[in-house]
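Residue numbers start from 1 in every chain, and the chains themselves are labelled A, B, ... in the order their sequence lines are given, proteins ahead of strands.
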Protein chains: 2
Amino acid sequence: MEKNAVRIKDIAAKANVSVGTVDRVLHNRGRVSEEVRQKVLLMMQELDYEPNMMARTLGSNRTYRLAVIQPDHTLDPYWQGPRDGLDKAARELKPYGIGVTVYSYSLTQVDSFVAQATAATLSRPDGILVAPLFYRESLAFFAQWQQQGIPYVLFNTYIAELQPLSYVGQDSYQSGFLAGKLVRFGQPQPGTFLIAHIAEDIANSVHVTQKERGFRDYFAQLAPARNGPAPGPREHPDKIISIDLPDPADPSFARQLNRLLDDEQAQLRGIFVSTSKAYEIAPYLQANRREDIRLVGYDLLEKNIHFLNENVIDFLINQNPKEQGYWGIFALADRLVFKKKVLPLKYLPLDIITKENLQYYVGK
Amino acid sequence: MEKNAVRIKDIAAKANVSVGTVDRVLHNRGRVSEEVRQKVLLMMQELDYEPNMMARTLGSNRTYRLAVIQPDHTLDPYWQGPRDGLDKAARELKPYGIGVTVYSYSLTQVDSFVAQATAATLSRPDGILVAPLFYRESLAFFAQWQQQGIPYVLFNTYIAELQPLSYVGQDSYQSGFLAGKLVRFGQPQPGTFLIAHIAEDIANSVHVTQKERGFRDYFAQLAPARNGPAPGPREHPDKIISIDLPDPADPSFARQLNRLLDDEQAQLRGIFVSTSKAYEIAPYLQANRREDIRLVGYDLLEKNIHFLNENVIDFLINQNPKEQGYWGIFALADRLVFKKKVLPLKYLPLDIITKENLQYYVGK
DNA sequence: TTGTTTGGAGTGTGCGCACACGCAAAAATT
DNA sequence: AATTTTTGCGTGTGCGCACACTCCAAACAA
């Protein structure tokens, strides 16, 4: 094997030109007659030439600087995941001349996002990976990068507005849809199902509203068709409510939650927490011994894992934070270094995590 | 970045020797005085030298031949997965001088395994990746490879007997345990649960017996402790039975299966198929409209996906066949080419697949 | 003594490619 | 017609490393 690897030299010989000429058509450096150009191109096709990337990066001493803009991982544990992933990618890609700089902003302060995004832009990077949690404020930056010709990749939150090179992350809608299934599955009787947002600025967060839409749609499609041949064994007059909880430190958090749990009428059978903060709800269920209420949330944070093992949380959906960082960086590398075409959408799987399969996802 | 990459030239300068000398200590070629050797080693540590793998493979024209021994993918669709995965790995590793040859044997014929394994051994490969479905017949080969110093990696089936370089695949026991959870989850009433083996030589297949053990243990640990403080809200006098079905083409397959399904007394609530052949059972459930019987099986084969979408199969556990092939090859490459230490056990996740998250696993 | 081996080091070439440079012929300008 | 400029192409060097080769002096044998 490998003996038959086609080199530039082979193309040159077959086309009766020098390696310099082949190099010129390969990189569109001009200074080649159209006639020769076509011949070289043909020979390349015939021999099925594939450049040797190792020799290429070794030969050209070019380096690439990538900027990552994401929430500070010391303020919210979730963001440690993407951080780990992009660090891993950075390590693997270092020999290819890729360097990564992280600009972290505060999840709760819009202006810190603007400041960091501005700093990243001013560093004039060769590519940008960004988690655009703030919808409105992101748009202007996209426009600027697009104009400057800097490729940028989105992760975690998908904003279609200005075409990014790629989006890496979950399909939020389907993610909510799946949550509906998990919260409903195996429950023989109809009831009320709650979708809880914790300390989220819903209006400015595409991400979360799509999850809610998916969740509601799951129940909608469950309802038997009006004129269906035979109505299913059970009807589904389930009631879906959603609530916008404040920061858990706020006393009204407990107040609002307890009011819901104490409402005997409601027949509350399941709660879906739209972010990775299911561990904020879990203690209330555990304290009141509400094993009858199904709890579904996101991500394998330490606290979530605790309540999963205690059977308070029933399912977690893994958003694959680490993979998001990893593949985000790789999307940029594929474009810049390897010159491969990059898929505009890279949906990561919706991993269903239970107590029984947890261990194989934790260190991943 | 990357400007600070340490080269062997830098070490040479710092140790006041030539690059040739550094090369000699790097590869233990001898012909270096102990004194100088120590100095060079020290400088390497101080500068935190990491060899540039690209330059290394480019410089040394060494190639590696890997042999893969696995069931023929044209005879059983499952094995297309590992095949795809190892092909992908082979493509990525080709520039590193790695070539892969596949020796495929027939799942049902022991002697074809022996023949292919023999052929692979005679080709004197630099490394071997093997799916040792036949327990007894595998042992002799392991011993031989060990003696010849050929590193070998197991996948799909774990046999601890003679330490392989690594095992890549699922934890079969935990896989069965999870299947127990999935088949039982949300069913309010106790009943009978069936574990079905289809056309398997149980006695010679570690793999499948471990799955059964895990499955049974799930139910065992569900039963409330004898002297527990308070017996749970429901007791679990579930009954677990297992059955050894013949090839589905055999008329007794249908006979045995129908007898089980028609037994009103049994209260059959769930079936766990221990291999990827859940699609052989599904038609019987569908024909008899037995929506009350939970069906859990393995792998995203086309036929399984069909019945998952029809709600006949409730859950599939993805054995990640593609990843098994991919990481199996990489384990060998890590050892041979990159000289990294290889984990002796690489457990792949137990992906839970439902209709709702299926799409993100299919093309993976 | 003169050869011969051997230990301990340095030098040189090539891997496949990028890129700067050189040089002649053709085309454009004066 | 003499010049500059442009076009079209070939050559040479270096990237970091492996590996064969060379060289020299000391140890040893004859």
Side-chain angles (χ1 to χ4, degrees), chain A residues 1-41 43-44 47-64 94-98 336-339, chain B residues 1-41 43-44 47-64 94-98 336-339:
Chain A
M1 94 261 32
E2 185 65 8
K3 55 173 182 261
N4 52 353
V6 179
R7 302 153 303 175
I8 273 192
K9 190 197 293 185
D10 299 321
I11 305 172
K14 203 158 190 293
N16 256 317
V17 293
S18 75
V19 292
T21 305
V22 177
D23 176 75
R24 253 166 260 130
V25 344
L26 210 52
H27 295 85
N28 292 312
R29 293 194 220 276
R31 313 228 139 195
V32 180
S33 71
E34 189 53 28
E35 190 187 6
V36 173
R37 211 181 88 86
Q38 288 305 330
K39 185 158 61 170
V40 170
L41 249 25
M43 294 304 132
M44 277 176 41
L47 294 180
D48 193 27
Y49 172 71
E50 280 194 37
N52 181 327
M53 291 311 297
M54 335 201 79
R56 171 168 291 182
T57 48
L58 197 62
S60 83
N61 256 358
R62 183 151 174 30
T63 59
Y64 299 88
K94 194 185 164 194
Y96 286 95
I98 284 194
L336 295 169
V337 181
F338 304 110
K339 267 88 180 173
Chain B
M1 95 263 29
E2 186 63 11
K3 56 173 182 260
N4 52 353
V6 180
R7 303 153 300 174
I8 91 172
K9 188 198 291 187
D10 300 319
I11 303 171
K14 202 158 190 293
N16 257 317
V17 294
S18 75
V19 292
T21 306
V22 177
D23 177 73
R24 253 166 261 128
V25 345
L26 212 52
H27 295 84
N28 292 312
R29 291 195 222 277
R31 311 230 141 193
V32 181
S33 70
E34 189 53 29
E35 191 187 5
V36 174
R37 212 181 88 88
Q38 288 304 331
K39 185 157 63 170
V40 170
L41 249 26
M43 296 302 129
M44 277 175 41
L47 294 180
D48 193 29
Y49 173 71
E50 280 194 36
N52 182 327
M53 290 312 295
M54 333 199 85
R56 170 168 291 183
T57 48
L58 198 62
S60 83
N61 256 356
R62 181 147 174 35
T63 59
Y64 299 88
K94 194 183 164 193
Y96 286 95
I98 285 194
L336 295 169
V337 181
F338 304 111
K339 267 89 181 172

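Counting only distance, with no hydrogens or angles, the side chain of B:T57 and the backbone of B:M53 share a donor-acceptor pair below 3.5 Å.
Boundaries of the chain A contact region on DNA chain C are C:dG16 to C:dC19, first to last in 5' to 3' order (nucleotide atom under 4.0 Å from a heavy atom).
With a 3.5 Å limit on both pairing distances and Watson-Crick or G-U wobble geometry required, the stems of 3 or more pairs in DNA chain D span C:1-27 with D:4-30.
Contacts between residues 19-30 of chain B and DNA chain C, defined by a heavy-atom separation below 4.0 Å, involve B:G20, B:T21, B:R24, listed by number. Against DNA chain D, the stretch residues 32-41 of chain A makes heavy-atom approaches under 4.0 Å through A:V32, A:S33, A:V36.
Within 6.0 Å of atom CD in B:E50, 12 or fewer heavy atoms from other residues, nucleotides or ligands are found, so the atom counts as exposed in its surroundings.
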Side chain to side chain contact (heavy atoms under 4.5 Å, CB included) between B:V337 and B:I98, worked out:
CA-CA 9 Å; B:V337 181; B:I98 285 194; 3.6 Å; yes
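Looking only at side-chain heavy atoms (C-beta outward), A:V36 and A:N16 stay at 4.5 Å or farther from each other. Using a 4.5 Å cut-off on side-chain heavy atoms (C-beta onward), B:E35 and B:K39 make no contact. Residues A:L26 and A:I8 are in side-chain contact: their nearest non-hydrogen atoms beyond the backbone lie under 4.5 Å apart. Under the 4.5 Å side-chain criterion, counting only non-hydrogen atoms from C-beta, A:L58 is in contact with B:N52. For the pair B:V6/B:D48, no side-chain contact is recorded, criterion being any heavy-atom separation below 4.5 Å from C-beta on.
Across the protein-nucleic acid pair, B:N61 atom CG and D:dA20 atom P stand 12 Å apart, rounded to whole Å.
Heavy atoms of B:S18 sit under 4.0 angstrom from at least one base atom. Base engagement by A:R31 is indicated by at least one non-hydrogen atom pair under 4.0 Å involving a base atom.
The salt bridge (Lys or Arg N to Asp or Glu O under 4.0 Å) search around B:R24 returns none, not counting sequence neighbours. Every residue two or more places apart in sequence or in another chain that forms a salt bridge (Lys or Arg N to Asp or Glu O under 4.0 Å) with B:R7 is listed here: B:D10.
Between A:V40 and A:A15, the shortest heavy-atom contact is CG2-CB, 4.2 Å. The minimum heavy-atom distance linking B:V32 with B:R37 is given by the pair CG1-N, 3.8 Å.
Ring-centre distance between B:Y64 and B:Y96: not below the 6.0 Å cut-off.
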